[in-house]
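Heads up: numbering here begins at 1 and tracks the sequence.
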Amino acid sequence: MTSHAAAVDRQVLADSLLKCGPWHCHDDDQALIDHATAQARAVEIDAAELDHDKALALAIHRVTAHHIEPPNEPETGQLKRLACSNWWRRQLRRLTSRRREQRQRVLGRVHDRAGIYVSQEGYKRRRAQQFRNQAMLEAVTAINELDQEYTLAELAEVGLANPDNRRAELMLRIADTEREAIRLGHVGLFLTVTTPSRFHAVHKGTARVNSKWERGGRSTPREAQAYLQKLWGRARSFMSRRNLGAYGIRVVEPHHDGCPHWHLLVWCEPQNVAAVLGVMRSYALADSPGEVVKDETVRFDAKLIDPAKGSAAGYVLKYVTKNINGKQYSRQGVEGDHLDAYGHDLETSAPRIEAWAACWGIRQFQFFGLPSVTVWRQTRKIREATDLLEWLETYSPDPATASLMGKLWKACDAGEWAEFLRLMGGPMTRRDEQPVKPWTIERLKGTGHGELQTGAYGDVKQSIIGVVVNGVECMTQQHFWRVEQTPKDGGFDLEGLTFDGSAVTRTRVNNSTQHTESALPDWEWHKTQDYRRRHPVADPARVAALRHQVRVDVERDEMKRAMRDERERLDAKRKAAIEEGQHMVIGWLARGEMDITDLTQAMIEALTA
């Protein structure tokens, strides 16, 4: 197959990814909203006309026809979700984003020579989504019981939604975990684990599509992430059965072509270092071992952290900042510390990595073997010691519990994660053995009759309002909030998350600088003449013959493509007609307008085709 024919086939395959049953994944968000509304309305009509089981069966058939997973909820909540236009909107946006991004990967537009980490289209889509989200946050006001008002955008700025705050908390937890590990005499390991070749779409530095990836079914980053999660889960289960404790953090980041790989910062007891490394190595290299005969480090790399040479926090600082906002203090004497592995500035790479993670739904950071961060965050909400005194007077806990809560609050309020870690039982303590846990309640309506609050889908609302210390509840929630939409401004619609306004016209021409021709300098003229002498103009007859052959090849390939497109169009039309007929017959059967005995053998074969 010629390279042109291969490109044509790749284009056809890429375009087929956009067809998801009745929905075509395109960038028209208003069309998506209209389609979501129509699907929800159809489910709502079926729910009104049919009994619950039949309506739910039809709704599930409708959602699976769109290549969307039905919600894994109780049946009542399931049908309410399927009859909600907002639920459909979220699912279609997620589906469209991932299908269009995979299309870009199939076309070879995601790599270090084009759209690194994520395609240009995917990056622009994420920026537009962030613009919608920011407008929504600014359009909603939160009001507490003291009538203090803040927009959600203002509250997000002081919380962990702010990248600077998120990075600071992550680095604090890593640095203090290392302090506690050193105190305990544990050894630190820095591991890098990546996937076999079949998950990598493009060869680094060449822009050539990986044939193993194509033969392997053109996996998505989510499928590669699932492979790594399964590998890690099996390794941890093996270590748990043999009492090989380990704790730390894993960071997920993409290769240039969007395929994820993991960096793991792991601490363990000195006598278990060899065993932990052996387990991780064996699981990482078990798949396709022939690919790593010459160099194992392409799949699994391990470094022993020597505190005398540098801290573990210093090891992962670059990976953490690269995956959040790219801002860090460059280490003195480290050349290129502000660049990623492909020579791009971290501050320009970080937004693309964030867009990649958001598109594919990949969690970038996860701690393991450490206590609940929810307890840490809830305890930090206690601002004054007087709040603890009120708790002591109200609940009268035993002295041990009161002492533990006092020490816990002091550690959290001072930002001492290492002390918090010790108070929670230390690293590798099971969650059910930790002395403090989050306090979750079911919310009441406030009518005085004990009625529970339910959400739009009938689910009982739950809230974390504090912590439970040795079985004694301690409320840390300082305020209770309600939200209100501010008056619409600037064409913003909270329900539809759409915007009005004309776009500013742009051109590729910078009108402020006009090009003026000038004579070439003497040396440049001589260089040009020298080049022309060594590279004379090609023979016109030879050029004409080559151009003619190219035209013949292109016309032949275009003819083949037209014939193939026509066949695929007819097949798609036939399949669409069959799907529509199936849906109609299923509807008739559900409504009792047709009996199963009315179906002929030919109709049954068509329905089950």
Side-chain angles (χ1 to χ4, degrees), residues 94 97 101 115-120 122-140 142 150-178 221 225 248-255 258 260-265 311-331 334 336-342 344-367 370 373-374 376-378 380-381 412 415 417 497:
R94 185 179 298 122
S97 175
E101 184 62 18
I116 192 167
Y117 308 126
V118 69
S119 67
Q120 289 298 110
Y123 178 61
K124 291 177 181 177
R125 188 184 306 111
R126 176 58 177 167
R127 294 298 296 271
Q129 182 187 21
Q130 289 174 324
F131 179 67
R132 289 199 306 267
N133 293 346
Q134 184 65 24
M136 185 272 290
L137 293 176
E138 292 172 353
V140 177
Y150 305 93
T151 66
L152 293 188
E154 292 171 331
L155 295 176
E157 189 64 25
V158 298
L160 291 177
N162 184 325
D164 290 329
N165 296 343
R166 187 182 179 204
R167 175 168 54 89
E169 187 194 74
L170 278 169
M171 293 310 302
L172 168 68
R173 292 168 66 189
I174 294 169
D176 271 22
T177 299
E178 181 183 24
Q225 174 72 355
I249 181 178
R250 67 122 172 101
V251 181
V252 183
E253 64 174 0
H255 287 291
H261 63 282
W262 285 18
H263 298 292
L264 296 115
L265 182 56
S311 68
Y315 253 95
V316 298
L317 172 62
K318 190 168 185 176
Y319 299 105
V320 169
T321 56
K322 177 181 175 182
N323 284 273
I324 295 182
N325 60 0
K327 295 180 180 178
Q328 68 170 29
Y329 297 103
S330 297
R331 293 167 292 182
V334 181
D337 199 39
H338 65 293
L339 304 176
D340 66 9
Y342 305 98
H344 297 265
D345 192 284
L346 290 180
E347 291 199 36
T348 60
S349 297
R352 301 189 71 90
I353 294 175
E354 190 278 335
W356 166 84
C359 173
W360 295 109
I362 291 176
R363 183 176 179 178
Q364 294 172 277
F365 308 100
Q366 186 171 26
F367 288 84
L370 295 170
V373 71
T374 303
W376 163 270
R377 292 169 182 166
Q378 286 294 322
R380 282 175 61 84
K381 289 182 179 181
C412 294
W417 173 267
L497 290 181

| request: Name all residues meeting the salt bridge (charged side-chain N to carboxylate O under 4.0 Å, His left out) criterion together with R250; count only those two or more places apart in sequence or in a different chain, and write none if there are none. | output: none
| query | Within a strict 4.5 Å, meaning less than it, do heavy atoms of the R380 and W376 side chains meet? | reply | yes
| remark: Closest non-hydrogen atoms of Q225 and W262, given as atom of the first, atom of the second and distance, are OE1-NE1, 3.0 Å
| E157: salt bridge (charged side-chain N to carboxylate O under 4.0 Å, His left out) partners, not counting sequence neighbours | none
| message | Go through it in stages, so that I can follow the logic: the residues are T177 and L265, the test is side chain to side chain contact (heavy atoms under 4.5 Å, CB included), and I'd like the CA-CA distance, side-chain angles, deciding distance and then a yes or no. | response | CA-CA 11 Å; T177 299; L265 182 56; over 6 Å; no
| Closest approach of E138 to T151 (non-hydrogen atoms, all atoms of both residues) | O-CG2, 4.0 Å
| request: Given side chain to side chain contact (heavy atoms under 4.5 Å, CB included), test W356 with V252 step by step and report yes or no. | output: CA-CA 11 Å; W356 166 84; V252 183; 4.0 Å; yes
| Gap separating the CZ atom of R167 from the CZ atom of F365, nearest 0.5 angstrom | 10.5 Å
| Interatomic spacing from OH in Y150 to CG in L155 - rounded to 0.5 Å | 8.0 Å
| field | M171 side, atom CE; I174 side, atom CD1 - distance, nearest 0.5 Å | value | 5.0 Å
| said: Any donor-acceptor pair under 3.5 Å linking the side-chain atoms of Q130 with those of Q134? | reply: no
| field | Gap separating the CG atom of L152 from the CG atom of N133, nearest 0.5 angstrom | value | 11.5 Å
| query | Are any non-hydrogen side-chain atoms of R173 and L370 less than 4.5 angstrom apart? | reply | no
| task | Please report the closest heavy-atom contact between R352 and G115, naming both atoms and the distance. | result | NH2-CA, 3.5 Å
| query | Looking at CG of L170 and CZ of F367, how far apart are the two atoms once the value is rounded to the nearest 0.5 Å? | reply | 5.0 Å
| task | Considering non-hydrogen atoms only, spot the tightest contact between P254 and H261 and give its length. | result | O-CE1, 3.7 Å
| request: For the residue pair E154 and V158, establish whether any side-chain heavy-atom pair is separated by less than 4.5 Å. | output: no
| request: Measure the spacing between CD of E354 and OG of S349 and express it to the nearest 0.5 Å. | output: 13.5 Å
| request: Could you tell me whether the side chain of S97 reaches within less than 4.5 Å of the side chain of R125, counting heavy atoms only? | output: yes
| request: Any chance you could lay out the side chain to side chain donor-acceptor pair (under 3.5 Å) test for Q129 and R132, step after step, and finish with the verdict? | output: CA-CA 5 Å; Q129 182 187 21; R132 289 199 306 267; 5.4 Å; no
| said: To check you understand the geometry: which heavy-atom pair defines the closest contact between A156 and L137, and what is its length? | reply: CB-CD1, 4.4 Å
| query | Can you find a pair of side-chain heavy atoms, one from E101 and one from Y123, that are under 4.5 Å apart? | reply | no
| field | V118 side chain reached by R126 side chain, heavy atoms, under 4.5 Å | value | no
